[in-house]
Amino acid sequence: MLFQLPSFLLFFLIFCTIFAVCPKRFQLSYVTISSLVFYAWWYPPAVLLMIAMIVGCWWMLRLVWHDRSKLAPCVLVSLIPLVLYKYADFLFETIESISGIGTPRLGWALPLGVSFVTFTIIGYLVDTARQPEKKPPGFWSTAVYLTFFPHLIAGPILRARHILPQLQQMRIASANLMPNLALFTVGILKKVLVADPVGAYVDQAYAAHTTLSGWEGVAAIFGFSIQIYCDFSAYSDMAIALAGMLGIAFPENFHSPYGSVSMSEVWRRWHMTLSFWLRDYVFKPLHGYLHKYARHLSIVLTMGVSGLWHGAAWTFVLWGLAHGLVMVAETVSGYGRFAAAASGWKRWLCILFTFLIWSLLAVIFRSPSLSVAYDVVAGSFSRGNFGNWPAAATMPVLLGIGLLLLHPFDQVDKIRSMASFVPATVLAPVLLMLCIGCAAVASMQPANFYYFDF
């Protein structure tokens, strides 16, 4: 069930109607069941795995709370679904390619949201071990924390200490509706009117990677940066807005990342909940051990983990390691300090340079193999043909330019704040018409969110 489709808008309307009259003592169980129905829309049998993960998390929380020494085995157990569904075949293929010995394949499709739920569970277990004075909440609170449908499929990655205290105050309040409806509308506009059309061009370009030339390749390279930002930030905006309508404050996940002056800053403003999760649960433990021996190795390894989390392929690992190396280079060379202090044209130059590096590395992320990545970048330039402008690239380029011009305003707080200046009687009909119109357009050719694959 995609946020931008009429079926979800109907689901959310029915959900809110029942929630508004649901007795408070049944609210958490109702939200859990509704979230599982939402999840089952794609593939009903996968609900059994999600229920098992809920029960397993609730049980392991109590084990860790009673005995901190159980943390490591519980973390390993929580990784089992992710390893089996996402990484088993990748490991078998790697072993086969190295040893030449034939290996089996599971061939299991990755259920939606497993990567995000797994990281949520691990963070919850570690926080429980670090704070044994706080007793784990009841079953239904844990279930809602893990499966709450706005974030279930593609984040944001939540922290228990931020979300659990809010669950008892979950309610539909009129004051929350307009600002969050505006945020939801911005999200659906980015997805339907920018990410999907630009993504269609990028898909065609990568499919023809052996014949790309000149401006076709340039448009594909920068087009993917526009697509993935508009697609993923759109999901985050809509998730934050849906939770906000129900009185739950989700953390911001994107903060105009393409206005960053360095790659290090990008990762403080891009997929922020993942970045902070990696910082707290991967980088800090690694750095505490490695800083005496290899001061900068921890950031490279952390970004390698980030790449592996994104996908079970060596291209993703290479992409993550490359980001880590760039971030280390920024620190060692002093560029990070220079860029942070830059102003005027120097700052703009740093922003453009960072966006260029990000977009070039994103080609590795998007490509199924390094040979395809080479064709898209080096092949496009070596084939030349810069004298002819491809007509198919015109609309994606214009959409990308428009997005970048509005990028400084594309922040959760700014969108909500701007909505408060318009009377609700004027704003509500406009926003509803935009949402319904986008849903109608999206229903003609539904497109998944890009991060559903991760």
Side-chain angles (χ1 to χ4, degrees), residues 4 185-235 237 254 256-261 263 266 269-270 319 345 347-368 372-411 434 437-438 441-442 444-445 447-451:
Q4 74 272 28
T185 303
V186 169
I188 199 170
L189 287 170
K190 282 193 292 185
K191 169 62 177 171
V192 175
L193 300 186
V194 183
D196 288 352
V198 174
Y201 172 82
V202 171
D203 289 345
Q204 292 173 1
Y206 273 78
H209 59 90
T210 56
T211 59
L212 279 182
S213 62
W215 294 114
E216 293 175 334
V218 173
I221 291 168
F222 292 103
F224 180 64
S225 293
I226 299 300
Q227 176 201 356
I228 195 170
Y229 169 74
C230 287
D231 192 282
F232 193 20
S233 70
Y235 183 96
D237 287 346
F254 290 86
S256 302
Y258 291 161
S260 303
V261 296
M263 293 297 287
V266 170
R269 300 166 67 170
W270 173 281
W319 169 82
W345 67 269
R347 181 173 180 82
W348 281 108
L349 197 60
C350 291
I351 291 172
L352 291 173
F353 178 68
T354 300
F355 184 62
L356 173 63
I357 298 299
W358 172 272
S359 298
L360 290 174
L361 291 179
V363 175
I364 303 173
F365 185 95
R366 173 61 179 78
S367 300
V372 173
Y374 177 85
D375 283 340
V376 172
V377 179
S380 297
F381 286 92
S382 65
R383 296 184 194 104
N385 198 27
F386 283 97
N388 296 314
W389 176 259
T394 301
M395 185 54 67
V397 168
L398 291 176
L399 290 171
I401 292 172
L403 179 279
L404 292 175
L405 291 174
L406 294 172
H407 194 56
F409 306 100
D410 191 14
Q411 298 170 16
L434 287 172
C438 284
V441 171
M444 298 177 188
Q445 194 171 359
N448 279 342
F449 287 90
Y450 198 86
Y451 262 65

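The residues of the chain are indexed from 1 along the displayed sequence. Worth saying up front: this structure is predicted, and the values here are computed from it rather than measured. Values reported hereafter were calculated over all heavy atoms of this structure, with side chains retained and with hydrogens, waters and symmetry mates removed.
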Participant: Counting heavy atoms not belonging to Phe353, are there more than 12 under 6.0 Å from its CZ?
Facilitator: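 No - once you tally the heavy atoms of other residues, nucleotides and ligands closer than 6.0 Å, there are 12 at most.
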Participant: According to side-chain hydrogen bond (donor to acceptor under 3.5 Å, both in side chains), who are the partners of Ser225, at least two apart in sequence or on a separate chain?
Facilitator: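 Ser225: side-chain hydrogen bond (donor to acceptor under 3.5 Å, both in side chains) contacts with Ser359.
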Participant: Could you note down all residue pairs passing side chain to side chain donor-acceptor pair (under 3.5 Å) where residues 389-404 supplies at least one of them, sequence neighbours left out?
Facilitator: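 Every side chain to side chain donor-acceptor pair (under 3.5 Å) pair that includes a residue of residues 389-404, provided the two are not neighbours, is Trp389-Thr394.
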Participant: Do you know which two heavy atoms are closest between Ser380 and Gly217, and how far apart they sit?
Facilitator: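 The pair with the smallest heavy-atom distance is OG-CA, 3.4 Å.
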Participant: Can you tell me how far apart CG (Leu356) and CD1 (Ile221) are? Round to the nearest 0.5 Å.
Facilitator: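 The CD1 atom of Ile221 is 9.0 Å from CG of Leu356, to the nearest 0.5 Å.
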Participant: Looking at every heavy atom in both Val194 and Cys230, which two are closest together, and how far apart are they?
Facilitator: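 Taking Val194 first and Cys230 second, the nearest heavy atoms are CG1-SG, 3.5 Å.
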Participant: Within the 4.5 Å heavy-atom criterion, are Asn388 and Glu216 side-chain neighbours or not?
Facilitator: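 When only atoms from C-beta onward are counted, Glu216 and Asn388 do not touch, as no gap falls below 4.5 Å.
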Participant: If you round to the nearest 0.5 Å, how far is CG of Asp410 from CG of Leu405?
Facilitator: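 With rounding to 0.5 Å, CG (Leu405) is 12.5 Å from CG (Asp410).
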Participant: Kindly indicate whether the side chain of Ser233, heavy atoms from C-beta on, has any atom under 4.5 Å from the side chain of Lys190.
Facilitator: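 Yes, close enough: below the 4.5 Å cut-off.
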Participant: For Trp270 and Phe254, take the angle between the two ring planes, folded into 0 to 90°, and tell me which bin it lands in: parallel under 30, tilted 30 to 60, perpendicular over 60.
Facilitator: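 Aromatic pair Trp270/Phe254 classed perpendicular.
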Participant: Among residues at least two apart in sequence or on other chains, which ones pass side-chain hydrogen bond (donor to acceptor under 3.5 Å, both in side chains) with Thr354?
Facilitator: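 Applying side-chain hydrogen bond (donor to acceptor under 3.5 Å, both in side chains) to Thr354 gives none.
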Participant: Looking at every heavy atom in both Thr210 and Arg383, which two are closest together, and how far apart are they?
Facilitator: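 Looking at all heavy atoms of both residues, the shortest contact is O-NH2, 2.9 Å.
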Participant: Mind listing the closest non-hydrogen atom pair of Asn448 and Lys191 along with its distance?
Facilitator: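 Minimum heavy-atom separation between Asn448 and Lys191: O-NZ, 2.9 Å.
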Participant: Please report the closest heavy-atom contact between Ala234 and Gly187, naming both atoms and the distance.
Facilitator: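 Here Ala234 and Gly187 meet closest at CB-O, 3.1 Å.
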Participant: How long is the gap from CD1 on Ile351 to CG on Leu404, to the nearest 0.5 Å?
Facilitator: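 With rounding to 0.5 Å, CD1 (Ile351) is 11.0 Å from CG (Leu404).
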Participant: Quick check: does any side chain N or O of Gln4 sit under 3.5 Å from a backbone N or O of Phe449, one acting as donor and the other as acceptor?
Facilitator: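 No.
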Participant: Ser256: what forms a side-chain hydrogen bond (donor to acceptor under 3.5 Å, both in side chains) with it, not counting sequence neighbours?
Facilitator: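 Here the qualifying residues are Gln411.
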Participant: State which residues pass side-chain hydrogen bond (donor to acceptor under 3.5 Å, both in side chains) with Trp358; sequence neighbours excluded, sorted by chain then number.
Facilitator: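 side-chain hydrogen bond (donor to acceptor under 3.5 Å, both in side chains) list for Trp358, sorted by chain: Tyr258.
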Participant: In the structure I gave you, are the side-chain heavy atoms of Asp203 and Arg366 within less than 4.5 Å of one another anywhere?
Facilitator: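 Yes; the side chains approach each other to less than 4.5 Å.
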Participant: Is any side-chain heavy atom of Pro257 closer than 4.5 Å to a side-chain heavy atom of His407?
Facilitator: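 Yes; the side chains approach each other to less than 4.5 Å.
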Participant: In the structure I gave you, are the side-chain heavy atoms of Cys438 and Leu189 within less than 4.5 Å of one another anywhere?
Facilitator: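 Touching, per the 4.5 Å side-chain cut-off.
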Participant: With rounding to the nearest 0.5 Å, note down the distance linking CD1 in Ile226 to CG in Asp231.
Facilitator: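 Ile226 CD1 to Asp231 CG: 12.5 Å, rounded to 0.5 Å.
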Participant: Could you tell me which residues satisfy ring pair (Phe, Tyr, Trp, His ring centres under 6.0 Å) with Phe386, sequence neighbours excluded, listed by chain and number?
Facilitator: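 Testing Phe386 for ring pair (Phe, Tyr, Trp, His ring centres under 6.0 Å), a comparison that skips the adjacent residues, returns Trp215, Phe381.
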Participant: Does Leu212 reach the side chain of Tyr206, with side-chain heavy atoms less than 4.5 Å apart?
Facilitator: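 No. Closest side-chain heavy atoms not under 4.5 Å.
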Participant: What pair of heavy atoms forms the shortest contact from Ile228 to Phe365, and how long is it?
Facilitator: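 So the minimum-distance heavy-atom pair works out to CD1-CE2, 3.7 Å.
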